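What follows is a set of notes on a single structure, which appears directly below.
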Amino acid sequence: MNTKAFASQADLEEKQVSFTKLSDNAYAYTAEGDPNTGVIVGDDAVMVIDTQATPVMAQDVIRRIREVTDKPIKYVVLSHYHAVRVLGASGYAPEHIIASRDTYDLIVERGEQDKASEIGRFPRLFRNVESVPAGLTWPTITFSGRMSIWLGQLEVQLIQLGRGHTKGDTVAWLPQQKILFSGDLVEFDATPYAGDAYFQDWPKTLDNIAALQPRALVPGRGAALTTPEAVAAGLAGTRAFVSDMWASVKAGVAAGQELNAVYKTTYAALKPKYGHWVIFDHCLPFDVTRCYDEATQHADPRIWTAERDRKMWETLEG
């Protein structure tokens with residue numbers, strides 16, 4: 001049997017970027033299942049949600065922004081702490097970097113390990129990684145639960161709707177236009193990464209997103225969802241994946257199976273339905289490992305390190 005290349009190290013194909021206008025104020029920077037960036041253009045300033053993985057990669061986002069406005073980029077919002085979302089922040093030279101207090105606490109607890117882990121997993125996404133400044137990306141403003149930023153007359157609500165992809169997940173919501181930037185709480189035709197997730201909480205958090213009745217939504221990965229029907233499909237797909245995995249892993253644990261056996265049965269169960277989604281083979285070992293942890297003795301995600309990544313991969317895929 002051929003051993004699978006570790007994580008996404010074999011993924012070298014460049015993706016086509018789209019810059020989709022959702023309203024006069026809202027844009028989605030998407031790239032065929034690579035991490036997305038949201039852009040909000042207010043009366044007097046621009047807000048960027050999730051930064052890309054390096055300052056050099058951020059320059060392409062800035063180039064697209066400059067095609068539609070010359071207003072200053074004052075705010076960067078971190079939907080969560082993962083390196084691929086935050087390490088490009090310095091490229092925007094923002095006045096403020098905003099994150100939930102829970103996200104700040106995760107950066108303190110595991111930011112360095114996460115950075116090393118992610119760069120090792122997915123080299124293509126950290127193009128020109130040498131452009132990332134030393135150290136971590138630190139918020140200058142933190143909040144708990146909810147806060148509003150006013151870009152002139154345009155209100156942007158930053159809300160924690162519950163745990164899911166991480167414990168610090170934050171959405172950006174334009175209540176006047178019913179447009180939502182979900183971060184990795186929602187994916188579309190892309191496999192949710194759940195190595196730091198809360199499987200039992202995630203579906204309820206998706207219900208809380210649905211309750212806002214967004215007319216458009218920018219997911220963490222995948223195309224912008226530009227109609228209420230597309231939003232519903234994105235929420236349903238993410239919910240089904242999370243719920244199907246939890247059910248499969250829980251059944252394996254109840255049957256007294258070890259992680260290896262649970263991984264094999266869960267992979268076989270999910271592959272027919274979700275195997276065509278972007279990064280399925282990358283995510284599954286991390287997702288099942290976290291799900292198994294939650295179903296056994298680890299209520300909170302354990303810290304991933306580059307070394308733990310490799311050991312886990314060899315155990316499940318070797």
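Keep in mind the model is a prediction, meaning the values are calculated, not measured.
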May I have the list of side-chain donor-acceptor pairs in residues 76-84 shorter than 3.5 Å, sequence neighbours left out?
| from | atom 1 | to | atom 2 | distance (Å) |
| --- | --- | --- | --- | --- |
| Ser79 | OG | Asp50 | OD1 | 3.1 |
| Ser79 | OG | Asp50 | OD2 | 2.8 |
| His80 | NE2 | His82 | ND1 | 3.2 |
| His80 | NE2 | His165 | NE2 | 3.2 |
| His80 | NE2 | Asp184 | OD2 | 3.3 |
| Tyr81 | OH | Asp196 | OD1 | 3.3 |
| Tyr81 | OH | Asp196 | OD2 | 3.3 |
| His82 | ND1 | His165 | NE2 | 3.1 |
| His82 | NE2 | Asp196 | OD2 | 2.7 |

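Side-chain contact, Asp309 with Ser117: a donor N or O sits under 3.5 Å from an acceptor N or O. Judged by distance alone, the side chains of Tyr263 and Glu317 do bring a donor and an acceptor atom under 3.5 Å apart.
Hydrophobic clustering, with ILVMFWY side chains joined whenever heavy atoms are under 4.5 angstrom apart, groups Ile73 together with Val41. Hydrophobic clustering (ILVMFWY, side-chain heavy atoms < 4.5 Å, transitive): Met147 and Ile49 are in one cluster. With hydrophobic clusters built from ILVMFWY side chains whose heavy atoms lie under 4.5 angstrom apart, Leu22 does not share a cluster with Ile65. Leu158 and Val186 are not part of a single hydrophobic cluster, where members link through side-chain heavy atoms under 4.5 Å apart. There is no path of hydrophobic side-chain contacts, each under 4.5 Å, that joins Val156 to Leu217.
With Asp60 contributing its side chain and Met57 its backbone, the two residues share no donor-acceptor pair below 3.5 Å. Between the side chain of Thr30 and the backbone N or O of Asn36, no donor-acceptor pair lies under 3.5 Å. Using a distance-only test at 3.5 Å, with no hydrogens or angles considered, a donor-acceptor pair links the side chain of Thr191 to the main chain of Phe280. At least one donor-acceptor pair under 3.5 Å links the side chain of Thr51 to the backbone N or O of Gly88. For the pair Gln157 (side chain) and Val171 (backbone), a donor-acceptor distance under 3.5 Å is absent. Panel note: side chain Trp202, backbone Leu185; a donor-acceptor pair is recorded below 3.5 Å. Using modelled atom types, no side-chain atom of Gln113 and backbone atom of Thr305 make a donor-acceptor pair closer than 3.5 Å. Remark: side-chain polar atoms of Arg124 are not paired, donor with acceptor, to backbone N or O of Arg127 under 3.5 angstrom. Checked by atom type and distance alone, the side chain of Thr296 pairs as donor or acceptor with a backbone atom of Asp293 at under 3.5 Å. Panel note: side chain Thr166, backbone Gly168; a donor-acceptor pair is recorded below 3.5 Å.
With sequence neighbours excluded, the residues satisfying ring-ring contact (aromatic ring centres under 6.0 Å, His included) with Tyr27 are Phe19. Remark: Gln177 engages Ser23, Asn25, Leu154, Leu174, Ile179 in a side chain to side chain contact (heavy atoms under 4.5 Å, CB included) (not counting sequence neighbours). Legend: residues meeting side chain to side chain contact (heavy atoms under 4.5 Å, CB included) with Trp150, ordered by chain and number and at least two apart, are Ser148, Glu155. The side chain to side chain donor-acceptor pair (under 3.5 Å) test applied to Thr140 returns His96, not counting sequence neighbours. Scored by the side chain to side chain donor-acceptor pair (under 3.5 Å) test, Tyr198 finds Asp300 as partners (sequence neighbours excluded).
Taking the six-membered ring where the residue is Trp, Phe199 and Trp246 present parallel rings, their angle staying beneath 30° rather than reaching 60°.
For Gln153, the CD atom is loosely surrounded, since the number of other residues' heavy atoms within 6.0 Å does not exceed 12. Atom NZ of Lys311 has 12 or fewer neighbouring heavy atoms from other residues, nucleotides or ligands inside a 6.0 Å radius. Few gaps surround CD on Gln297; more than 12 heavy atoms of other groups in view lie less than 6.0 Å from it. Heavy-atom contacts from other residues, nucleotides or ligands closer than 6.0 Å to CD of Glu109 number more than 12.
With a 4.5 Å cut-off on side-chain heavy atoms, Arg221 and Ile279 count as touching. Side-chain atoms of Ile97 and Trp138, non-hydrogen and from C-beta on, never get closer than 4.5 Å to each other.
For the pair Arg63 and Glu67, the salt-bridge criterion is met [side-chain N within less than 4.0 Å of a carboxylate O]. Remark: Lys71 does not engage Asp43 in a salt bridge, criterion side-chain N to carboxylate O under 4.0 Å. Salt bridge status for Asp201 with Lys167: absent, with no side-chain N to carboxylate O gap under 4.0 Å.
Taking the six-membered ring wherever Trp is involved, the centroid distance between the rings of Trp277 and Tyr274 falls below 6.0 Å.
Residues Thr137 and Pro139 approach most closely at O-CD, 3.9 Å, considering heavy atoms. Between Trp304 and Thr289, the shortest heavy-atom contact is CH2-CG2, 3.8 Å.
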Decide yes or no on salt bridge (charged side-chain N to carboxylate O under 4.0 Å, His left out) for Arg310 and Glu314, but give the supporting numbers first. CA-CA 6 Å; Arg310 292 278 184 182; Glu314 283 163 20; 6.0 Å; no
